[in-house]
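The block underneath contains the structure these notes are about, expressed in C-alpha cells.
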Amino acid sequence: MKKVLIGIMALSMAAFAVNPGGGDGTKSETVSIPVKVIAEIITAPTGLTITDEAGTVLDELVLDHGRIVKGNVTGDSSVYKIFKVQRFDGTNTPAVIGAGTLAVSLDGTTTTLAKNGDASSKSQLTSTLSLRGGQSYEESTDASATEHVSRVFSTIAKTELLNDKLETGIHHNSRERTLTVVYTPN
C-alpha cells in the first residue's frame with residue numbers, strides 16, 4: 001500500500017510539474033502544487049505497539065530527507081524520527097508497559113537508497129542508521145511506565161550527495177531495515 005502511495009506521489013509530481021516558477025522576480029508568476037489528504041481508519045491496537053510522538057500507531061517509520069538540490073550541498077543530510085513504545089489494551093488509552101526491560105534494535109546500520117527504489121540503478125546513496133548509542137540498546141521500565149520514547153537517526157554523507165552519478169528523482173531503500181522492540185518482564 002505504501003509503495004503504491006509513493007508511486008502515486010511521484011507520478012503526481014511529474015504530472016503537475018511540481019517545481020519553482022523559474023522567473024527572475026521582475027514579472028508576475030505563479031507556482032502551485034497539489035494538496036493531498038490521507039486518513040487511514042484502524043481498530044484500537046492491543047499489546048506492545050510502536051507509535052509516533054503524537055501516539056499514532058505506526059506500520060512503518062519513514063525518515064524523509066526531503067528535497068535536496070543536486071550539486072548544492074554544504075554538509076551531511078541528517079534527520080531523525082521520534083517513536084514511542086506503548087502498550088494498548090484495545091482502547092485508545094495507553095496501558096502500563098510493566099516493570100522489565102525493553103531491548104530496542106535495528107537489523108542493520110546502513111541502507112542503500114536507489115532511484116525509484118530500483119536496486120539495479122546506478123544512482124544510489126548510502127544512509128547510515130542509528131539509535132541512541134548505536135544499533136541497539138536496553139532500557140529498564142518501572143511498574144508505572146506507560147511509554148518509552150526514543151529516536152531513529154539517518155545520515156547521508158555530503159560526499160554521497162555530491163556524487164556526479166546521482167540522477168534527479170526520488171531515491172528510497174529497496175531493502176527496508178527493521179526496528180524491533182522486545183519486552184522482557186522482571
Side-chain angles (χ1 to χ4, degrees), residues 1-9 35-68 75-114 117 119 124-161 170-186:
M1 177 71 173
K2 297 296 180 187
K3 290 181 182 179
V4 170
L5 288 174
I6 289 172
I8 290 170
M9 287 173 38
V35 176
K36 186 174 295 216
V37 178
I38 298 173
E40 180 179 3
I41 310 302
I42 64 170
T43 58
T46 58
L48 203 61
T49 306
I50 297 175
T51 68
D52 67 11
E53 60 268 32
T56 303
V57 176
L58 297 175
D59 62 353
E60 68 180 353
L61 195 131
V62 177
L63 296 160
D64 186 352
H65 286 263
R67 297 183 131 198
I68 300 169
D76 297 347
S77 176
S78 297
V79 297
Y80 67 88
K81 191 72 156 186
I82 295 173
F83 68 92
K84 292 181 182 181
V85 178
Q86 298 178 296
R87 180 178 306 285
F88 289 90
D89 59 5
T91 67
N92 289 333
T93 306
V96 172
I97 293 174
T101 302
L102 293 173
V104 182
S105 64
L106 290 167
D107 71 342
T109 57
T110 61
T111 189
T112 301
L113 287 67
Q124 296 188 353
L125 299 163
T126 299
S127 168
T128 302
L129 301 172
S130 63
L131 299 163
R132 69 172 196 224
Q135 186 174 343
S136 63
Y137 66 90
E138 289 189 353
E139 179 80 18
S140 295
T141 56
D142 62 37
S144 63
T146 58
E147 67 182 24
H148 167 71
V149 180
S150 193
R151 294 180 178 157
V152 177
F153 298 87
S154 171
T155 301
I156 302 173
K158 175 183 175 181
T159 53
E160 293 275 325
L161 296 168
I170 296 173
H171 290 64
H172 62 89
N173 51 342
S174 57
R175 185 200 179 281
E176 295 174 347
R177 291 295 178 191
T178 304
L179 171 67
T180 303
V181 180
V182 176
Y183 168 73
T184 306
N186 285 347

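Residues L102 and Y183 meet the side-chain proximity criterion, which asks for heavy atoms closer than 4.5 Å. Under the 4.5 Å side-chain criterion, counting only non-hydrogen atoms from C-beta, Y80 is not in contact with S154.
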Item to complete: Report the C-alpha separation of T126 and T111 in whole Å, then their side-chain angles, then the decisive distance to 0.1 Å, and conclude whether the side chain to side chain contact (heavy atoms under 4.5 Å, CB included) test is met.
Response: CA-CA 6 Å; T126 299; T111 189; over 6 Å; no
Worksheet item: Can L106 and L179 be said to form a side chain to side chain contact (heavy atoms under 4.5 Å, CB included), step by step?
Response: CA-CA 5 Å; L106 290 167; L179 171 67; 4.2 Å; yes
Item to complete: Applying side-chain hydrogen bond (donor to acceptor under 3.5 Å, both in side chains), run through T141 and H148 and close with a yes or a no.
Response: CA-CA 8 Å; T141 56; H148 167 71; over 6 Å; no
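S150 and Y137 share a donor-acceptor pair across their side chains, judged by distance under 3.5 Å alone. Looking only at atom types and distance, the side chain of D142 has a donor-acceptor partner in the side chain of S144 under 3.5 Å away.
H65 contributes atom NE2, which lies 9.0 Å from atom CG of L125 (distance to the nearest 0.5 angstrom). In this structure, CG on L129 lies 8.5 Å from OG1 on T155, to the nearest 0.5 angstrom. Taking NE2 of H171 as the start and CD of E160 as the end, the distance is 10.5 Å to the nearest 0.5 Å.
At distances below 3.5 Å, at least one donor-acceptor pair connects side-chain atoms of K84 with backbone N or O atoms of E53. No donor-acceptor pair under 3.5 Å is formed between the side chain of Q135 and the backbone N or O of T109. Remark: the backbone N or O of I156 is not paired with any side-chain donor or acceptor of S127 at under 3.5 angstrom. Within the 3.5 Å criterion, the main-chain N or O of A114 finds no donor-acceptor partner in the side chain of Q124. For S136 (side chain) and A103 (main-chain N/O), no donor-acceptor pair under 3.5 Å exists by modelled atom type. Side chain of D52 to backbone of F83: no donor-acceptor contact under 3.5 angstrom is found.
In plain terms, the two heavy atoms of L58 and L61 that are nearest each other are CD1-CD1, 4.0 Å. Taking all atoms of both residues into account, the shortest heavy-atom contact from E138 to T101 is OE1-CG2, 3.8 Å. Taking both residues in full, the closest heavy atoms of T51 and Q86 are given as OG1-OE1, 3.0 Å, listed atom of the first, atom of the second, then distance. Minimum interatomic distance between N186 and G100 (heavy atoms only, all atoms of both residues): OD1-CA, 3.2 Å. The shortest heavy-atom contact between G47 and T49 is O-OG1, 3.0 Å. Shown here for D64 and V79, the closest heavy-atom pair between the two residues is O-CG1, 3.6 Å.
When each of V96, L48, T146, T46 is paired with R87, the side chain to side chain contact (heavy atoms under 4.5 Å, CB included) condition holds for L48 and for no other.
Residues meeting the side-chain contact (heavy atoms from CB on, under 4.5 Å) test with T180, sequence neighbours left out: S105, T178, V182.
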